[in-house]
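First the proteins, then the strands, lettered A, B, ... as listed; each starts at 1.
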Protein chains: 2
Amino acid sequence: MKYRRTNTLGLAVLGLLWERDMHPYEMASTLRERHQEASVKLNYGSLYTVVEALLKHDLVHAVGTLREGNRPERTVYGLTDTGRAELHDWLRELIAEPTKEYPRFEAGVALIGLLPPDEAIELCERRAETLDAQLVGLREVMTALGEQGLPQLAWIELEYRLAMARAERDWVRWFAAAARAGELGGQEFWRDLHAGDRAGNVRTTKEDDRG
Amino acid sequence: MKYRRTNTLGLAVLGLLWERDMHPYEMASTLRERHQEASVKLNYGSLYTVVEALLKHDLVHAVGTLREGNRPERTVYGLTDTGRAELHDWLRELIAEPTKEYPRFEAGVALIGLLPPDEAIELCERRAETLDAQLVGLREVMTALGEQGLPQLAWIELEYRLAMARAERDWVRWFAAAARAGELGGQEFWRDLHAGDRAGNVRTTKEDDRG
DNA sequence: CTCCGAATACTCGGACACGAGTATTGCACT
DNA sequence: AGTGCAATACTCGTGTCCGAGTATTCGGAG
């Protein structure tokens with residue numbers, strides 16, 4: 001069976017092994033050190049399953065086992081030629097081809113009409129503020145890394161993150177403002193639909209706000 | 001155990017049942033009809049597991065079974081009071097609190113230094129073009145829906161999607177341009193690192209582009 | 001010298017996601 | 001009347017993910 005390229009943790013592992021042989025735990029710590037946890041989800045369970053999967057597809061191979069002091073044995077892995085090719089190709093695919101993703105917020109937005117307008121607006125404003133705070137945090141991290149002498153290329157993914165977070169904040173603010181101003185198409189309908197609601201509970205009848 | 005709010009398909013199901021009782025297959029077709037497949041990932045396996053989970057947590061209950069003609073029996077589900085509360089609360093959470101997500105592209109960007117600069121730039125430009133095309137498509141869908149008489153609120157999530165796709169395209173173009181112009185921090189290093197590469201294969205030695 | 005807490009290095013079971021496969025029925029068309 | 005094809009309504013096995021739990025060791029405080 002073909003390797004499915006699901007979890008990007010697999011990509012990160014290949015990337016690490018491209019530099020040098022490692023045992024899983026070392027991969028985890030290295031990813032931590034480099035703040036790569038921010039762009040790939042890291043957790044031990046997944047890490048070991050992912051390495052197992054890579055092994056099964058001959059993308060990595062066991063280089064040997066180490067025993068240091070009396071610690072449990074650690075298997076050290078290395079990249080195979082197929083693995084190197086896979087890394088390169090996967091990376092190309094990831095960069096060149098946008099893939100459909102399903103951010104949770106989008107699912108929420110799709111159903112936002114189920115909340116009363118006032119509440120929805122307030123929640124959006126809360127989100128915008130949280131995003132503002134995150135943006136400040138991100139910028140701080142970035143300048144800190146720059147001052148540590150790391151080249152921009154080493155934290156370029158933060159640049160991307162920043163851009164996307166900013167875009168989301170702007171959109172959320174736009175939405176809240178438009179809703180507050182009553183400029184949204186279907187707004188009257190929305191208001192009427194929730195006319196009978198009191199704070200804290202939603203209506204329980206069975207009308208729809210879609211065609 | 002508490003319901004874990006993992007798959008947003010669960011939210012969509014609750015949203016549908018808020019309107020009226022349904023059997024799973026009908027949920028699927030309704031989601032399709034409303035283009036909600038675009039904001040929540042729909043597939044049969046997951047649908048039935050999700051409904052099962054909702055059932056276990058008393059968020060929905062079996063209202064009865066239908067048999068139409070000689071078709072297999074279909075279980076019809078309805079929302080419980082707890083389910084209605086859950087829908088409302090989940091939605092509030094989803095809107096108000098940004099959650100850390102891991103878009104695949106970000107993982108790719110984090111490792112983009114592993115590709116030779118020229119190739120990376122070219123791939124980015126390819127992505128930007130694909131995104132352009134998707135933006136055009138999105139706008140077409142939106143005007144079409146508007147002309148069908150649907151209020152903006154019924155497809156507000158597309159508005160969000162559009163904003164995010166646009167932001168991504170802009171970022172990718174910025175990156176490609178900056179890289180082409182050599183304005184990125186660490187650019188010389190990047191170039192040197194891949195100086196020996198020939199088109200089609202990546203270097204195989206063991207240097208790193210990070211600290 | 002001893003105790004404590006942090007770090008090391010995993011394991012395991014259960015939950016979850018997925019999508020190909022199956023079996024039936026309605027309907028159009030020959 | 002028969003054929004083919006889309007739509008209906010799932011099922012099931014495999015693969016993946018997850019995170020709490022476990023056991024050990026090292027370094028520093030007392």
Original post:
More than 12 heavy atoms of other residues, nucleotides or ligands under 6.0 Å from CD of B:E122: is that the case?
Top reply: no
**OP:** Inspect the surroundings of CD in A:Q152 and state if more than 12 heavy atoms from other residues, nucleotides or ligands are less than 6.0 Å away.
**Re:** yes
How many Å lie between [atom1] on [X] and [atom2] on [N], as a whole number?
{"X": "A:E52", "N": "D:dT14", "atom1": "CD", "atom2": "P", "value": "18 Å"}
{"X": "A:L11", "N": "D:dT16", "atom1": "CG", "atom2": "P", "value": "16 Å"}
{"X": "A:M27", "N": "C:dT8", "atom1": "CE", "atom2": "P", "value": "15 Å"}
{"X": "A:E26", "N": "C:dA9", "atom1": "CD", "atom2": "P", "value": "8 Å"}
{"X": "B:M22", "N": "D:dA9", "atom1": "CE", "atom2": "P", "value": "13 Å"}
{"X": "B:L47", "N": "D:dT8", "atom1": "CG", "atom2": "P", "value": "14 Å"}
{"X": "B:L9", "N": "C:dG19", "atom1": "CG", "atom2": "C1'", "value": "14 Å"}
{"X": "B:N7", "N": "C:dA15", "atom1": "CG", "atom2": "P", "value": "16 Å"}

Is [X] near enough to [N] that one of its side-chain N or O atoms lies under 4.0 angstrom from OP1 or OP2?
{"X": "A:H23", "N": "C:dC10", "result": "yes"}
{"X": "B:S29", "N": "D:dT8", "result": "no"}
{"X": "A:N43", "N": "D:dG19", "result": "yes"}
{"X": "A:Y44", "N": "C:dC10", "result": "no"}

**OP:** With DNA chain C as reference, determine whether B:K56 or B:G45 sits nearer its 5' end, using the nearest nucleotide of each.
**Re:** B:K56
**OP:** Answer yes or no: is there an ion pair linking A:E86 with A:R5, defined by an N-O contact shorter than 4.0 Å?
**Re:** yes
Original post:
Is the NZ or CZ atom of B:R127 positioned over B:F105's six-membered ring, under 6.0 angstrom from the centre and within 45° of the axis?
Top reply: yes
Original post:
Which one, C:dA17, C:dC18, C:dA15, comes nearest to the side chain of B:K41?
Top reply: C:dC18
Original post:
Looking at D:dT16, D:dA9, D:dC18, which one has an atom nearest to any side-chain atom of B:Y48?
Top reply: D:dA9
Subject >> Shortest non-hydrogen contact between A:R161 and B:E106, atoms and distance >> reply: NH1-OE1, 2.5 Å
**OP:** Identify whether any heavy atom of A:T6 sits under 4.0 Å from a base atom; if not, whether one sits that close to sugar-phosphate; answer base, sugar-phosphate or nothing.
**Re:** sugar-phosphate
**OP:** Would you mind telling me which residue lines up with the more 5' stretch of DNA chain D, B:T49 or B:Y25, judged by nearest nucleotide?
**Re:** B:Y25
